[in-house]
S.K.: 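Quick one: structure below, then a few questions.
Counting convention: from 1, in listed order, for ligands and their atoms alike.
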Amino acid sequence: MDEATRIEEIEVIALTPAFAPVAAALHQTGFDDFWDENAICDLLNVPGAFGLLAFAPGSGQHQGSACAEDIPLGFVLVQVVLDEAEINTIVVGPAARRCGVGNILMENVVSHLQKHGVGRLLLEVACDNAAAMALYQKLGFAEIGRRRGYYRRNGGPAIDALVMERV
Ligand SMILES: CC(C)(COP(=O)(O)OP(=O)(O)OC[C@H]1O[C@@H](n2cnc3c(N)ncnc32)[C@H](O)[C@@H]1OP(=O)(O)O)[C@@H](O)C(=O)NCCC(=O)NCCS
């Protein structure tokens with residue numbers, strides 16, 4: 001998507017294994033240690049896991065499904081265990097950032113969990129990831145713990161992970 005393109009509409013659908021190549025391409029834009037399609041399929045195939053994919057609809061007439069003209073914007077992967085869920089990953093493609101896509105994905109996760117009686121939502125975020133922390137704080141997450149030196153990036157200094165819970 002062109003940097004200057006405005007996103008007129010954002011649709012969210014279930015991220016099934018069929019979308020793993022799309023998700024893998026998006027993941028590569030957000031992380032040094034990105035996940036390939038197999039890793040994404042493996043995570044989706046764990047009992048209790050689900051994913052959501054956000055896209056900008058193309059000109060085709062459809063709703064609740066995706067077609068070749070659609071532009072993938074971002075996705076989120078979630079793992080539910082009993083009454084607790086954890087965000088495994090969330091990423092929005094660089095050209096679509098700061099347009100509300102991350103917010104919409106997370107709001108869809110929260111409403112899905114509420115519908116299924118899952119009360120607790122947790123995640124981990126690198127303490128130097130200002131964009132993600134700002135998104136989570138806006139959504140009502142608060143820090144409940146810290147894992148010292150949890151992330152190691154390409155020989156750089158170890159970075160703490162903050163454990164956050166939606167309160
Ligand atoms: C973190 C990420 C998913 C946010 O997605 P996004 O679609 O850009 O976020 P949104 O546009 O929905 O932003 C919602 C709010 O989050 C905060 N926010 C998002 N990006 C921000 C930034 N770069 N700087 C400051 N605040 C930011 C703002 O409060 C924003 O609301 P506002 O635009 O009304 O001020 C995206 O930056 C990304 O994919 N980063 C790379 C991968 C990553 O770090 N994932 C998280 C791992 S824990």
Side-chain angles (χ1 to χ4, degrees), residues 1-15 19-37 39-40 42-44 46 49-57 66 70-81 84-113 118 120-154 156-167:
M1 187 170 60
D2 189 286
E3 288 282 343
T5 305
R6 273 180 52 88
I7 303 173
E8 302 290 343
E9 201 184 330
I10 299 168
E11 285 199 22
V12 176
I13 56 172
L15 176 74
F19 292 117
V22 169
L26 284 166
H27 205 257
Q28 192 163 359
T29 69
F31 300 95
D32 293 336
D33 51 347
F34 54 87
W35 299 342
D36 65 12
E37 336 179 359
I40 287 165
D42 287 349
L43 283 167
L44 279 173
V46 174
F50 73 93
L52 299 174
L53 175 69
F55 62 91
D70 297 332
I71 301 165
L73 303 173
F75 77 96
V76 61
L77 276 184
V78 187
Q79 177 67 53
V80 179
V81 178
E84 195 171 298
E86 183 168 348
I87 303 293
N88 273 338
T89 195
I90 179 168
V91 64
V92 173
R97 285 184 196 158
R98 216 62 203 268
C99 299
V101 177
N103 195 57
I104 285 177
L105 283 168
M106 289 295 295
E107 282 183 343
N108 273 266
V109 167
V110 168
S111 80
H112 176 96
L113 295 175
V118 179
R120 204 167 177 219
L121 179 55
L122 299 157
L123 56 81
E124 274 163 15
V125 58
C127 67
D128 62 351
N129 191 341
M133 283 198 296
L135 168 66
Y136 301 144
Q137 279 160 0
K138 189 174 177 178
L139 287 161
F141 283 83
E143 181 181 338
I144 56 162
R146 180 180 283 252
R147 298 185 208 278
R148 301 252 172 232
Y150 188 71
Y151 297 106
R152 294 187 182 273
R153 297 195 195 108
N154 295 339
I159 306 287
D160 292 354
L162 304 185
V163 182
M164 301 184 86
E165 178 179 3
R166 190 165 178 275
V167 288

S.K.: Checking L53 against L26 for the side-chain contact (heavy atoms from CB on, under 4.5 Å) test, could you report, in this order, the C-alpha distance in whole Å, the side-chain angles of both residues, the deciding distance, and whether it holds?
M.R.: CA-CA 10 Å; L53 175 69; L26 284 166; 4.3 Å; yes
S.K.: Would V22 and L15 count as a side-chain contact (heavy atoms from CB on, under 4.5 Å) here? Give the steps.
M.R.: CA-CA 10 Å; V22 169; L15 176 74; over 6 Å; no
S.K.: Does R146 have more than 12 heavy atoms from other residues, nucleotides or ligands lying within 6.0 Å of its CZ?
M.R.: yes
S.K.: What residues, two or more places apart in sequence or in another chain, satisfy side chain to side chain contact (heavy atoms under 4.5 Å, CB included) together with R153?
M.R.: D32, A126, D128, I159
S.K.: Before giving the answer on side-chain contact (heavy atoms from CB on, under 4.5 Å), spell out for I40 and F34 the whole-Å C-alpha distance, their side-chain angles and the decisive distance to 0.1 Å.
M.R.: CA-CA 10 Å; I40 287 165; F34 54 87; over 6 Å; no
S.K.: How are the rings of H27 and W35 set to each other: parallel, tilted or perpendicular (split at 30° and 60°)?
M.R.: parallel
S.K.: Output the set of protein residues with a heavy-atom contact under 4.0 Å to ligand 1, ordered first by chain identifier and then by residue number.
M.R.: G30, F31, I90, V91, V92, R97, R98, C99, G100, V101, G102, N103, E124, V125, N129, A131, A132, A134, L135, Y136, K138
